[in-house]
Amino acid sequence: MKNKFKLPGLLSLKTYLLVFPIGFLSLISCTEKYELKQPDVRLWYNQPAKVWEEALPVGNGRLGAMVFGQPFAERIQVNEESLWAGQPINNNNPDALGSLDELRTLLFQEKSIEAQRLVELNFLGTPPRIRSYQPAGNIFLIRDSTAKVDDYYRDLMLENGIATVKYSLNKTKYTQEVFASAPDNVIAIHIVSEGNEGIDLQISLKREKDASVQIENNQIVLTGQIIDEPDPLTGPGGKHMKFASLLNVDQKGGTLIRDGNCLRVEGSSEVTLLYTVSTDYNINSLNFDRSINPLKVCKDIIEEAERKSYNQLKMDHIKDHASIFNRVFMHLGKNEISNLPTDQRIKALKEAKVDPDLAALYFQFGRYLLMGSSRKPGKLPANLQGVWNYQYKAPWNADFHTNINLQMNYWPAEVANIPEALIPLSNFMDKLMVPGGKTAKEMYGARGWTFHHLTDPFGRTGVMDGPWGLTPMDGPWMTFPLFRHYEFTMDTVYLNQIYPILKGSLLFGLDFLTQSPEGYLVSNPSHSPENRYFLPDGERATLTYASTTDIQVLTALFNNFLIASEVLGKDPDLSNEVKDALKKFPPIKVGQNGTIQEWFYDYDEPEPGHRHMSHLLGLYPLNQMSSGSPELFEAARNTIEYRLSHGGGHTGWSRAWIINLYARLFDGNKAWEHLHLLLAKSTQNNLFDTHPPFQIDGNFGGTAGIAEMLLQSQGGFINLLPALPEKWPDGYVKGLRARGGFCIDMKWENNKLINVVVYSDYLNHCNLKYQDSLYEFDTKKDFKYEFDGNLNLFNENAIHR
Ligand code: FUC
């Protein structure tokens with residue numbers, strides 16, 4: 001197989017940075033005009049949302065809102081990413097390190113039940129749980145009317161990020177627009193009326209817990225502080241996160257009056273509400289920071305935003321939003337079902353109808369959700385619900401779950417061209433190195449850092465939930481989205497920034513590894529996320545040593561580190577140590593039933609259809625089981641089939657993973673089948689992924705899967721249409737990204753590629769592959785290359801950025 005993409009020459013890092021002075025944002029778009037157009041990217045309905053899961057999300061990376069579109073009792077449920085219950089607690093079990101040797105001995109002797117008891121006593125975190133991400137509240141717009149609603153329509157236009165509601169009452173037309181502006185850091189709500197009757201609304205801002213509301217002139221001011229009750233599972237009680245929110249009301253015509261703790265507009269022709277919310281969370285300390293005054297922050301934001309007219313705010317929002325969203329167009333074919341309202345399209349899919357355009361919409365919705373939940377002005381990564389949550393105790397606390405979910409959130413970031421989504425994640429990981437460093441040292445006597453299967457904004461990194469939470473490899477696993485960002489952008493400044501994170505993870509890995517009785521270097525304790533196996537005596541066990549997923553994670557981490565140290569010219573001695581260690585890892589094995597063996601021994605499992613497929617990490621998102629290793633490749637397919645034949649894929653995120661896995665097996669029709677099932681079985685009418693009620697990882701995994709069907713770039717090749725299903729015979733895509741700093745547009749007809757354009761951000765080498773055709777060429781920086789469907793190059797031009 002050909003070598004990886006080359007860096008431009010053998011420049012020192014310093015020279016390299018001078019030549020390519022970053023860069024990061026200039027790398028991300030293919031700005032050339034191309035004749036392909038953005039298709040209709042709208043979710044739309046003929047009725048308001050009755051429940052939260054039918055409301056439509058807007059988000060700016062920090063703020064989120066769910067718009068119901070109710071004419072008489074409009075509800076706009078609001079969120080702010082850092083509004084969490086809880087507090088920082090070092091929950092590393094102080095007895096862990098002293099018991100580590102004993103635990104390892106028990107596991108090497110297959111005494112897993114005894115090991116489990118020891119873990120419950122001496123490893124489980126104190127306390128073992130975290131508290132929840134919480135809502136900021138609701139904005140209610142109440143209209144005292146019994147008029148009949150005519151011509152109702154609502155939509156969410158993904159291209160401009162505006163949720164619109166239109167209807168008529170007594171022949172007066174009302175239009176409401178809601179968007180979350182990143183440039184102005186507010187949620188804007190705008191209502192206009194056209195007709196004889198004006199706008200009469202009672203406006204309120206409410207939060208059911210820990211908050212009070214005051215009216216100050218034309219503003220509703222909400223201030224509060226989360227009061228946590230003491231709880232042995234989650235930690236001591238107390239007055240924790242402070243927060244404030246502000247709703248500013250402006251109207252044209254009519255009057256604005258105070259109505260108790262609400263404001264009331266009467267007879268106005270236009271109303272603009274600007275909303276923001278803030279907390280005293282400080283990511284730098286992973287803690288509250290009492291020097292931050294959330295109300296002052298809100299007042300400053302609103303004061304700035306108020307200087308602009310509504311139209312100016314809207315134009316600035318659209319410009320910003322569209323500059324990211326419109327990097328990618330995707331068209332997969334339309335039919336009559338594609339013209340139905342979104343809820344009816346989902347219904348049609350449940351009745352086994354085919355609607356290729358819904359897959360394209362789902363893909364674009366995933367991109368929309370990622371840019372709405374993980375970018376500046378936000379500072380935290382997308383949690384299990386992005387930023388959108390209405391519950392005070394959300395499912396799984398809407399936490400940062402790191403045994404597949406947070407990783408999956410970032411699968412589409414690079415290929416689907418939202419690389420800035422990585423910035424909050426990278427920063428958060430950087431901060432987590434502090435508590436993670438304590439966990440590495442206090443629990444495992446190791447250098448570097450790690451954490452286990454979940455964390456919160458306060459950086460709790462001990463073992464959570466139960467013995468199955470003893471997953472020290474989840475820290476290393478979380479470095480992959482960061483390294484992937486480098487692989488796609490070739491941004492060495494970024495690589496330099498994340499180098500301490502990679503190195504810290506590597507040092508942890510090196511110190512954590514221990515010699516097995518067979519002479520391998522292995523992880524111990526180890527576990528295959530949330531799955532169990534039968535011990536030879538029939539007992540069900542969780543813990544073990546050298547689970548397959550751990551070997552894959554460590555192999556990838558170590559190899560990524562070798563690339564980083566070489567590119568940056570750092571730590572050559574450490575690299576040698578890493579190369580030696582890699583030679584001592586156990587191999588990935590194929591078990592008796594022809595599947596990838598999940599554990600070091602070929603155990604049977606009580607739940608063969610388990611939702612986690614951790615031992616297939618090597619197939620996707622990693623690249624350790626490719627067609628270059630036919631035995632593993634085949635065993636990977638058997639593994640999926642085995643899981644599926646026992647009821648696997650029953651959660652949205654699990655189904656989404658299967659799409660990606662089949663795409664990596666180049667089986668487009670199977671990938672399509674599972675995409676269809678994801679849409680038909682695990683998707684709400686507002687296109688939110690279900691893990692009832694909502695978990696966003698399935699949206700992101702599904703989005704990545706659709707991209708993976710059309711373009712793959714692992715292993716040194718840019719593989720075009722590697723898993724194109726028969727159901728998508730004609731289509732085009734613009735702006736997908738490939739590893740090496742490339743951007744791809746392509747068009748296909750009758751299931752055959754007819755045209756492809758490669759945009760190159762660097763001097764580089766490109767191996768372009770389509771079915772059996774291969775075209776290898778050296779690219780110039782900022783050049784585009786046009787090919788026909790047989791990969792004949794017919795045009796080459798400089799791109800003028
Ligand atoms: C993983 C999954 C669960 C759930 C939780 C948030 O642990 O096994 O299904 O998605 O994350």
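Both counts, for ligands and for their atoms, begin at 1 and track the order of listing. Position 1 is the first residue of the sequence, and the numbers go up from there.
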- For T651 and ligand 1, answer yes if some heavy atom of the residue is under 4.0 Å from a ligand atom, otherwise no. no
Is it true that [X] and [Y] make a salt bridge, defined as a side-chain N closer than 4.0 Å to a carboxylate O?
| X | Y | value |
| --- | --- | --- |
| R532 | E605 | no |
| E708 | R664 | yes |
| E539 | K111 | no |

Heavy-atom contacts with [X] under 4.0 Å: which atoms of ligand 1 show up? List them by number with element.
| X | value |
| --- | --- |
| N403 | 1 (C), 7 (O) |
| H691 | 3 (C), 4 (C), 9 (O), 10 (O) |
| H401 | 1 (C), 5 (C), 6 (C), 7 (O), 11 (O) |

- Message: Under 6.0 Å from the ring centre and within 45 degrees of the ring axis: does the NZ or CZ of K50 meet both conditions for the six-membered ring of F68?
- Response: no
- Query: Just distances here: any N/O of W653 and N/O of ligand 1 closer than 3.5 Å?
  - Reply: yes
Specify the protein heavy atom at minimum distance from [atom]: its residue, its atom name, and the distance to 0.1 Å.
| atom | answer |
| --- | --- |
| atom 8 (O) of ligand 1 | H612 NE2, 2.6 Å |
| atom 7 (O) of ligand 1 | E530 OE2, 2.2 Å |
| atom 10 (O) of ligand 1 | Q695 NE2, 2.8 Å |

- Just heavy atoms, cut-off under 4.0 Å: does I404 contact ligand 1 by side chain, backbone, both, or neither? neither
- Message: Would you say the ring centers of F694 and W388 fall short of 6.0 Å from each other?
- Response: no
- Run the ring-centre check on F688 versus W52 and record whether the distance is less than 6.0 Å. yes
- Task: With F288 as reference, evaluate F243, F458, Y281, W84 under the ring pair (Phe, Tyr, Trp, His ring centres under 6.0 Å) test and give the passing residue.
- Result: F458
